[in-house]
Participant: 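Below is one structure. I have some questions about it.
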Amino acid sequence: AKKSPLLWVGTWDGTPIGMAGCFPGGLLGGVGYPWQLATEEIERAALPYLRTVRDYLKTVKSSYSLLVNWVDARNETSVKWMKWLGFNIEDPAPYGIDGLPFHYAWMRGEKNESSGNP
């Protein structure tokens, strides 16, 4: 989380239910690596949380020209969530030290690197 300049914690009735962020990457910049963690309590407020995360994603997209990450193919809930948010989900491929099936997920951001627009 220390490397994520864009960090957000979602709560419900004063209890943390999820945390999301995006850390910069790539040699030339412009690439963001979004991430999200959730507790089991998220199910109590799934719809409001999802709507809020969608708004948060607008802020993230304005800060990067490309958002990328890998999602475990066995985590069907995360894959559905990322599709709902608008990520392009590639076919699963071996990833990581164990070569487990992961989907490469990506989304174009709104930051235009060539014009210097934020």
Side-chain angles (χ1 to χ4, degrees):
K2 286 166 72 171
K3 304 254 185 220
S4 296
L6 299 171
L7 181 64
W8 175 79
V9 176
T11 62
W12 189 256
D13 291 335
T15 301
I17 59 171
M19 178 186 282
C22 189
F23 62 90
L27 296 174
L28 301 176
V31 177
Y33 294 88
W35 56 270
Q36 192 249 322
L37 301 170
T39 70
E40 291 179 8
E41 295 292 318
I42 198 169
E43 293 179 18
R44 292 183 3 183
L47 243 109
Y49 183 83
L50 288 173
R51 288 183 184 126
T52 303
V53 169
R54 188 180 260 178
D55 289 340
Y56 171 79
L57 185 60
K58 290 177 188 175
T59 300
V60 173
K61 285 176 67 175
S62 71
S63 300
Y64 297 98
S65 56
L66 181 65
L67 300 174
V68 299
N69 216 323
W70 290 85
V71 60
D72 190 327
R74 299 168 298 169
N75 191 334
E76 295 175 11
T77 301
S78 289
V79 173
K80 287 179 187 177
W81 176 73
M82 293 185 80
K83 284 181 182 179
W84 182 80
L85 286 172
F87 279 86
N88 296 288
I89 307 294
E90 302 293 334
D91 290 338
Y95 183 76
I97 194 164
D98 293 326
L100 296 173
F102 276 69
H103 294 281
Y104 178 70
W106 62 275
M107 172 187 286
R108 295 241 183 261
E110 297 170 354
K111 184 173 183 180
N112 186 336
E113 292 297 320
S114 63
S115 70
N117 290 337

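One-based numbering along the sequence shown.
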Participant: Considering only heavy atoms from C-beta outward, does the side chain of V71 approach that of W81 to under 4.5 Å?
Facilitator: no

Participant: How are the rings of Y33 and F23 set relative to one another: parallel (under 30°), tilted (30 to 60°) or perpendicular (over 60°)?
Facilitator: parallel

Participant: Walk me through it: do W106 and Y64 pass the test ring pair (Phe, Tyr, Trp, His ring centres under 6.0 Å)?
Facilitator: CA-CA 12 Å; W106 62 275; Y64 297 98; over 10 Å; no

Participant: Just by distance, do the side chain of D72 and the backbone of R74 share a donor-acceptor pair under 3.5 Å?
Facilitator: yes

Participant: Going through the distances and angles, do H103 and D91 end up as a side-chain contact (heavy atoms from CB on, under 4.5 Å)?
Facilitator: CA-CA 6 Å; H103 294 281; D91 290 338; 5.6 Å; no

Participant: Which word best sums up how the rings of W8 and Y49 line up, parallel for under 30°, tilted for 30 to 60°, or perpendicular for over 60°?
Facilitator: tilted

Participant: Would you find more than 12 non-hydrogen atoms of other residues, nucleotides or ligands less than 6.0 Å from E43 atom CD?
Facilitator: no

Participant: When rounded to the nearest 0.5 angstrom, what is the spacing between CG in L67 and CE in M107?
Facilitator: 6.5 Å

Participant: Return the OG1 to CD distance between T11 and E41, rounded to the nearest 0.5 Å.
Facilitator: 12.0 Å

Participant: Taking the side chain from N69 and the backbone from A105, do they hold a donor-acceptor pair closer than 3.5 Å?
Facilitator: no

Participant: Might you confirm whether atom CZ of R44 has over 12 heavy atoms from other residues, nucleotides or ligands at distances under 6.0 Å?
Facilitator: yes

Participant: Taking C-beta and beyond as the side chain, do W35 and M19 meet within less than 4.5 Å on heavy atoms?
Facilitator: yes

Participant: Nearest 0.5 Å, please: how far is CG in L47 from OG1 in T52?
Facilitator: 10.0 Å

